[in-house]
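In what follows, a single structure is set out as structure tokens and then discussed.
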Amino acid sequence: MEDDYDGEFRYDRQPVGALQGMAPERVLYVGTASKILAPGLRLAWLVLPTGLLTSLWEVTRQDESYVSVIDQLVFARFMQTGALDRHVRRCRTRYRRRRDLLGEAVAGQLPHARLSGIAAGLHAVLRLSPGSDQESALLDYLAGRGIHVEGISPFYRQPAQAPLALVIGYATPADHAYSGAVSALTTALRERSRRLPAARTRQP
């Protein structure tokens, strides 16, 4: 089973060819419209060997009644006319600019931090100096300034072993607010790093 995760949004290189195209009778290819359109549509697809069509229909015929037929037909038309491809291309350009702006801000304002996971997708991981803070305290500090990001520990099998890092999504903010959001994040992290050493020297 192949899930071409983030395949629509690769920025620095050409998309990797799908394995399903090389072995269509042996590979099940799955995808979703959650990132390219909206998760609320709850539209996904499965390309499978023709020999499995009947079995799949028997398994899913009850569940399919909960998927909007209108949404499916509109999405099919969106693909057939080429509108979906044009939409994805526009989004890819937009998100690449946002990723680049985030990278420039981190490089200029947070020299000891490292941004990774930026070759594809809609989020990046900002790795901070080890031992410089606690994840929960840092998230609370940012939330108190209206900045809502995720820590990386929930994505670890053993959260206690996770490094100090933030998961930053760059697709959601409106265009007019994005640069301000990035500036607010880097400013808050820079101020936090400056305060921590002074706070520790006052501890008994």
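- Using a distance-only test at 3.5 Å, with no hydrogens or angles considered, a donor-acceptor pair links the side chain of Arg99 to the main chain of Ile118.
- For the pair Tyr5/Lys35, a side-chain contact is recorded, criterion being any heavy-atom separation below 4.5 Å from C-beta on.
- Side chain of Ser193 to backbone of Arg190: a donor-acceptor contact under 3.5 angstrom is found.
- Heavy atoms from other residues, nucleotides or ligands lying under 6.0 Å from CZ of Arg145 number more than 12.
- A cation-pi contact, defined as under 6.0 Å to the ring centre and within 45° of the axis, links Arg98 to Tyr178.
- In this structure, Arg42 does not pair ionically with Asp71, as no charged nitrogen and carboxylate oxygen lie closer than 4.0 Å.
- Ser116 places no side-chain N or O within 3.5 Å of a backbone atom of Ala124 that could act as its donor or acceptor partner.
- Within the 3.5 Å criterion, the main-chain N or O of Val47 finds no donor-acceptor partner in the side chain of Gln20.
- Contact check on Asp6 versus Arg10 returns no salt bridge, with no Lys/Arg side-chain nitrogen under 4.0 Å from an Asp/Glu carboxylate oxygen.
- Side-chain atoms of Glu135 and Leu166, non-hydrogen and from C-beta on, never get closer than 4.5 Å to each other.
- Not one N or O on the side chain of Gln109 forms a donor-acceptor pair closer than 3.5 Å with the backbone of Thr186.
- Between the side chain of Tyr170 and the backbone N or O of Arg96, no donor-acceptor pair lies under 3.5 Å.
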